[in-house]
*Asks:* 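First the structure, then my questions, so here it is.
Not measured: the values here are computed from a predicted model.
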Amino acid sequence: MAFELPDLPYAHDALASKGMSKETLEYHHDLHHKAYVDNGNKAIAGTEWDGKSLEEIITGTYNPDAVAQSGIFNNISQLWNHNQFWEMMGPGQSAMPGELEKALTESFGNVDKFKEDFAAAGAGQFGSGWAWLVKDKDGSLKVTKTENGVNPLCFGQTALLGCDVWEHSYYIDFRNKRPAYLTNFLDNLVNWENVASRM
């Protein structure tokens with residue numbers, strides 16, 4: 001069965017007052033995300049991956065020895081990444097649950113240091129990619145960054161929070177100011193309850 005573009009969990013203009021405009025969501029969700037869905041479905045049609053889950057396709061097609069990944073991986077991984085991304089943000093005021101704050105403090109010293117590390121990872125990712133807060137295989141929390149569509153599933157990690165640092169995610173609202181976009185994401189857009197639910 002073909003994958004479908006999920007609806008946004010909020011209206012296109014719901015994040016506008018928090019720094020992500022209706023225009024950005026119209027381009028990013030309705031055009032970019034939809035292209036990953038459409039191209040991913042075409043790429044897997046008639047292959048061994050047809051009928052498999054997103055996670056099975058991602059872990060099964062990722063090549064750790066290659067810089068350039070296959071068309072199947074690139075589109076399916078980006079489809080999964082964006083499915084998570086919309087859920088990790090929200091229009092309401094989101095207080096950080098105590099268990100998440102405790103885990104971040106244990107891993108990074110305090111929440112501000114986590115935010116500093118996360119923003120630095122995103123700003124330091126050369127070209128397109130993602131910044132992540134992950135739960136590693138040993139249960140520890142780490143900040144990582146990945147190129148293009150690569151995500152924590154490729155390394156056996158659990159994605160708790162991801163921020164898209166491809167230019168289409170921020171250029172309409174922040175032009176070339178990626179660090180400002182990342183700071184705004186952490187301070188205004190993240191749904192911390194969703195992040196905590198992934199632990």
Side-chain angles (χ1 to χ4, degrees), residues 1-42 53-55 58 74-101 104 111 114-115 118-119 121-123 125 128-134 145-146 148-149 151-153 158-199:
M1 193 167 116
F3 296 114
E4 296 182 355
L5 178 69
D7 291 334
L8 286 171
Y10 31 75
H12 284 77
D13 62 356
L15 305 179
S17 66
K18 292 172 166 277
M20 189 170 283
S21 65
K22 178 181 179 182
E23 185 180 9
T24 288
L25 285 175
E26 287 172 342
Y27 273 93
H28 198 169
H29 174 269
D30 301 0
L31 299 178
H32 287 281
H33 193 177
K34 186 174 188 304
Y36 297 130
V37 175
D38 293 343
N39 292 331
N41 282 327
K42 285 179 196 166
S53 70
L54 293 175
E55 292 81 4
I58 290 165
N74 286 334
N75 284 284
I76 296 299
S77 186
Q78 280 287 73
L79 196 173
W80 185 90
N81 290 351
H82 285 80
N83 287 354
Q84 313 309 311
F85 186 52
W86 310 128
E87 299 284 346
M88 291 167 171
M89 295 185 288
Q93 284 302 115
S94 176
M96 184 178 289
E99 71 270 21
L100 176 59
E101 184 174 357
L104 291 173
V111 172
F114 151 68
K115 288 184 175 182
F118 188 96
Q125 171 55 41
S128 301
W130 291 75
W132 302 96
L133 170 67
V134 303
K145 61 184 179 180
T146 58
N148 301 317
N151 68 46
L153 294 175
T158 301
L160 303 182
L161 179 65
C163 186
D164 187 349
V165 296
W166 289 57
E167 285 190 340
H168 61 238
S169 189
Y170 61 88
Y171 215 84
I172 290 171
D173 301 316
F174 291 89
R175 295 298 184 250
N176 64 339
K177 296 180 176 67
R178 188 192 285 184
Y181 157 75
L182 284 153
T183 297
N184 183 71
F185 173 79
L186 290 165
D187 290 347
N188 298 312
L189 289 166
V190 174
N191 179 345
W192 296 109
E193 286 89 352
N194 181 274
V195 176
S197 74
R198 298 167 180 269
M199 292 179 63

*Asks:* Look only at the side chain of Asn81 and the backbone of Asp164, and say whether a donor-acceptor pair between them is shorter than 3.5 Å.
*Replies:*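 Such a contact is absent between Asn81 side chain and Asp164 backbone.
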*Asks:* Trp80 and Glu55: side chain to side chain donor-acceptor pair (under 3.5 Å), yes or no, with the steps?
*Replies:* CA-CA 8 Å; Trp80 185 90; Glu55 292 81 4; 3.0 Å; yes
*Asks:* Give the minimum heavy-atom separation between Glu99 and Ala196, together with the two atoms involved.
*Replies:*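 Closest approach of Glu99 to Ala196: OE2-CB, 4.0 Å.
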*Asks:* Which word best sums up how the rings of His82 and His28 line up, parallel for under 30°, tilted for 30 to 60°, or perpendicular for over 60°?
*Replies:*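 His82 and His28: perpendicular rings.
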*Asks:* Please check this pair: side chain of Arg198 against backbone of Thr158, looking for a donor-acceptor N/O pair closer than 3.5 Å.
*Replies:*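 No, the answer is negative, given that no donor and acceptor are paired below the 3.5 Å cut-off.
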*Asks:* Under the salt bridge (charged side-chain N to carboxylate O under 4.0 Å, His left out) test, which residues partner Lys34, sequence neighbours left out?
*Replies:*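 By the salt bridge (charged side-chain N to carboxylate O under 4.0 Å, His left out) rule, Lys34 matches Asp38.
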*Asks:* Report the distance from atom NE2 of His33 to atom CG of Leu79, rounding to the nearest 0.5 Å.
*Replies:*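 If we round to the nearest 0.5 Å, His33:NE2 and Leu79:CG are 4.5 Å apart.
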*Asks:* How far apart are the closest heavy atoms of Leu182 and Ala119, and which atoms are they?
*Replies:*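 Scanning both residues completely, I find the closest heavy atoms to be CD1-O, 3.5 Å.
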*Asks:* To the nearest 0.5 Å, what is the distance between OG1 (Thr183) and CZ (Phe118)?
*Replies:*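 So the gap between those two atoms works out to 11.0 Å.
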*Asks:* Any donor-acceptor pair under 3.5 Å linking the side chain of Asn41 with the backbone of Val37?
*Replies:*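 A pair under 3.5 Å: yes.
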*Asks:* Taking only residues two or more places apart in sequence, or in another chain, which ones meet Asn75 in a side chain to side chain contact (heavy atoms under 4.5 Å, CB included)?
*Replies:*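 Expected list: Tyr36, Asn39.
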*Asks:* Report yes if some heavy atom in the side chain of Tyr170 is under 4.5 Å from a heavy atom in the side chain of Lys177; otherwise report no.
*Replies:*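 Tyr170 vs Lys177: side chains apart.
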*Asks:* Could you state the interatomic distance from CG (Leu186) to SG (Cys163), rounded to the nearest 0.5 Å?
*Replies:*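 Those atoms lie 7.0 Å apart.
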*Asks:* Using the test side chain to side chain contact (heavy atoms under 4.5 Å, CB included), find all partners of Arg175 that sit at least two apart in sequence or belong to another chain.
*Replies:*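 Arg175 satisfies side chain to side chain contact (heavy atoms under 4.5 Å, CB included) with Tyr171 once adjacent residues are dropped.
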*Asks:* Does Lys18 use its side chain to pair, donor to acceptor, with the backbone of Asn188 at less than 3.5 Å?
*Replies:*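 Side chain of Lys18 to backbone of Asn188: a pair is present.
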*Asks:* Could you check if a side-chain atom of Leu133 sits within less than 4.5 angstrom of a side-chain atom of Leu104, using non-hydrogen atoms only?
*Replies:*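 Counting from C-beta outward, Leu133 and Leu104 do come under 4.5 Å.
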*Asks:* Could I get the full list of salt bridge (charged side-chain N to carboxylate O under 4.0 Å, His left out) partners for Lys115, not counting sequence neighbours?
*Replies:*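 Result, salt bridge (charged side-chain N to carboxylate O under 4.0 Å, His left out) vs Lys115: Asp187.
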*Asks:* Check the pair Met20, Leu25 against side-chain contact (heavy atoms from CB on, under 4.5 Å), reporting the backbone distance first and the verdict last.
*Replies:* CA-CA 7 Å; Met20 189 170 283; Leu25 285 175; 4.0 Å; yes
*Asks:* Keeping His29 on the side-chain end and Leu5 on the backbone end, is there a donor-acceptor pair under 3.5 Å?
*Replies:*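 Checked: no pair found.
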*Asks:* Measure the spacing between CZ of Phe185 and CG of Leu161 and express it to the nearest 0.5 Å.
*Replies:*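 Reported to 0.5 Å precision, the distance equals 4.5 Å.
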*Asks:* Donor-acceptor pair, distance only, cut-off 3.5 Å: does the side chain of Ser94 make one with the backbone of Trp192?
*Replies:*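 Looks like yes, one N/O pair under 3.5 Å.
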*Asks:* Can you tell me how far the CD1 atom of Ile58 sits from the CG atom of Asn151, to the nearest 0.5 Å?
*Replies:*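 Rounded to the nearest 0.5 Å, the CD1-CG separation comes to 5.0 Å.
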*Asks:* To the nearest 0.5 Å, what is the distance between CH2 (Trp132) and CD (Gln84)?
*Replies:*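 If we round to the nearest 0.5 Å, Trp132:CH2 and Gln84:CD are 7.5 Å apart.
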*Asks:* Minimum heavy-atom separation for Pro91 to Ala14, with atom names?
*Replies:*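 Taking every non-hydrogen atom into account, CB-O, 3.4 Å.
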*Asks:* Quick one: does Thr24's side chain have a donor or acceptor within less than 3.5 Å of a partner on Ile172's backbone?
*Replies:*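 No; zero donor-acceptor contacts below 3.5 Å.
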*Asks:* Give me each pair satisfying side chain to side chain donor-acceptor pair (under 3.5 Å) with a member in residues 3-17, each pair once, sequence neighbours excluded.
*Replies:*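 As it turns out, the side chain to side chain donor-acceptor pair (under 3.5 Å) pairs with a partner in residues 3-17, which skip direct neighbours, are His12-Asp30.
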*Asks:* Does Ser128 have any side chain to side chain contact (heavy atoms under 4.5 Å, CB included) partners at least two apart in sequence or in another chain, and if so, which?
*Replies:*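 Once residues adjacent in sequence are excluded, the partners of Ser128 under the side chain to side chain contact (heavy atoms under 4.5 Å, CB included) criterion are Asn148, Trp166.
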*Asks:* Donor-acceptor pair, distance only, cut-off 3.5 Å: does the side chain of Ser169 make one with the backbone of Val165?
*Replies:*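 Looks like no, no N/O pair under 3.5 Å.
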*Asks:* Would you mind reporting whether Phe3 and Asn83 have side-chain heavy atoms less than 4.5 Å apart?
*Replies:*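 They are not in side-chain contact.
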*Asks:* State, to 0.1 Å, how close Met88 and Gly162 come at their nearest heavy-atom pair, and which atoms those are.
*Replies:*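 Scanning both residues, the minimum pair turns out to be SD-N, 3.1 Å.
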*Asks:* I want to check something: taking the side chain as every heavy atom from C-beta on, are Tyr181 and Asp173 in contact at a cut-off of under 4.5 Å?
*Replies:*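 Counting from C-beta outward, Tyr181 and Asp173 never come under 4.5 Å.
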